[in-house]
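I have placed the structure first, in the form of structure tokens, so that the comments after it can refer back to it.
Everything quoted here is computed from the prediction, not taken from an experiment. When a residue number appears, it is its place in the shown sequence, counting from 1.
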Amino acid sequence: MANREKNKKTLLELAKLSQNCCCADCGAADPDWASCTLGIFVCLNCSGTHRNLPSVSRIKSIRLDFWDDELVQFMKANGNRAAKNFYEKFVPVFYYQPQPDDCEVLREQWIRAKYERMEFTEKNRERPYTAGVYEGMLWKKGKDNGQFLERKFVLSVHDFTLKYYKEDESKGPKATISVKDLNATFQPEKIGHAYGLQITYCVDHHTRNLFVYHKNGQEIVNWFNAIRAIRHVYLKTAFPTASDGDLIPWITRNYLKEGYMEKTGPLQREPFKKRWFILDSLNRKLLYFKTQLDAIELGVVFIGSENHGYSVRECVPKGTRGNKWKCGVIVETPDRQFVFMCEQERDQRGWVEALKTVISKPMMPQDYTTEANIRRRR
């Protein structure tokens, strides 16, 4: 008969080993669950997806559930490193591997791709998002009425473009977007759909947003990775001497912080207005929009480094008017001072910490070009 306490102790010791101490799927620390059919240790969030794959994975708690001796031996013989070497052997360099804080659809489709569809066990396996052309229908938010309408999208590596069409495709694409500055990030809460994706691009140094979703989780993740695939090819073409390690952060990126703040004008005598802010740390841009689902930016603040005269601090500004919120943030730049208001002290601290993260980083050569372009717009 199995010794319950002995097996529990063995499993806890296995989970502390360097090869098992992080979730096999998202990398979260100290996993408390395990798939006794795959021989891997996973976190609570990833265990939920595994429970939806009963033909592939059977989940048990390493602390609370009873384990037979044979299952414990199976876990000993396998583990996260062995599973990674088999199930992730041929993951494309551009394929997004979810982190602990990523949305559910990314985690679910990564797990399904690995263990259910076994997409990465063969070297030359065909995958739809690596074909060079990816097309299909997405639900896109209209700029004027806010309704989501089904539109055809075509992503092509041949001319590095993303195009979308209205109902009459014979009239040509409604927009042709260069992948040069293309970014995609999952925004389920903002868009109000579990599979919501925000696509951002630049036109004449101005930022534009497309908000889209697909009703199928696998399809929207395929779109995301197709965008990452074409971005990787573009970056390799534009920067042929750069390594994949250098390029990966630029393929797509999540924004460091988003949220509402109140903003006044350059003279600081104008009434404060509520705006939605996005901090793009890689491009050192603090973008602001009228609402969180606006297609067109209202403005942008370049966030340089401390060595170039940029700083941020909390404050309680005096003489302000029109503001409903009282927790101030001041950003100093070489040209002017920006004053923002946050609703709560927690928001104030969060923005100051995020901005300090960007200001503490040295500027790269391309940042000087970005700074100059933003100054010319004022």
Has [X] got a side-chain atom pairing as donor or acceptor with [Y]'s backbone, closer than 3.5 angstrom?
{"X": "Thr264", "Y": "Glu270", "result": "yes"}
{"X": "Ser47", "Y": "Val42", "result": "no"}
{"X": "Asp367", "Y": "Met363", "result": "no"}
{"X": "Glu262", "Y": "Trp325", "result": "yes"}
{"X": "Thr333", "Y": "Asp335", "result": "yes"}
{"X": "Arg284", "Y": "Val301", "result": "no"}
{"X": "Arg125", "Y": "Met118", "result": "yes"}
{"X": "Arg63", "Y": "Asp32", "result": "no"}
{"X": "Asn3", "Y": "Glu5", "result": "yes"}
{"X": "Asn7", "Y": "Trp67", "result": "yes"}

Checking [X] now: which residues fulfil salt bridge (charged side-chain N to carboxylate O under 4.0 Å, His left out) with it, not counting sequence neighbours?
{"X": "Glu135", "value": "Lys152"}
{"X": "Arg51", "value": "none"}
{"X": "Asp244", "value": "Lys236"}
{"X": "Glu126", "value": "none"}

Would you give me the side-chain donor-acceptor pairs under 3.5 Å for residues 11-18, sequence neighbours excluded?
none

- Message: Thr200 and side-chain hydrogen bond (donor to acceptor under 3.5 Å, both in side chains): which single residue from Asn209, Asp181, Asn183 fits?
- Response: Asn209
- Message: For the residue pair Gln187 / Gln292, report whether a side-chain donor-acceptor contact shorter than 3.5 Å exists.
- Response: no
- Task: State whether Lys326 and Glu343 are salt-bridged, where the test is any N-O pair (Lys NZ or Arg NE/NH1/NH2 against Asp/Glu carboxylate O) under 4.0 Å.
- Result: no
- Glu108 bridged to Arg112 by N-O distance under 4.0 Å: yes
With sequence neighbours excluded, residues passing side chain to side chain donor-acceptor pair (under 3.5 Å) with [X]:
{"X": "Thr130", "answer": "none"}
{"X": "Arg313", "answer": "Glu332"}
{"X": "Asn216", "answer": "none"}

- ILVMFWY cluster, Val300 and Leu279 together (side-chain gap under 4.5 Å): yes
Sequence neighbours excluded - ring-ring contact (aromatic ring centres under 6.0 Å, His included) pairs with any residue from [range]:
{"range": "residues 18-59", "result": "His50-Tyr115"}
{"range": "residues 274-294", "result": "Tyr260-Trp276, Phe277-Tyr288, Phe277-Phe340"}
{"range": "residues 230-256", "result": "Phe160-Tyr234"}

Side-chain donor-acceptor distances from residues 89-101 under 3.5 Å, at least two apart:
unit_1, atom_1, unit_2, atom_2, d
Tyr96, OH, Asp102, OD1, 3.3
Tyr96, OH, Asp102, OD2, 2.7
Gln99, NE2, Gln97, O, 3.0

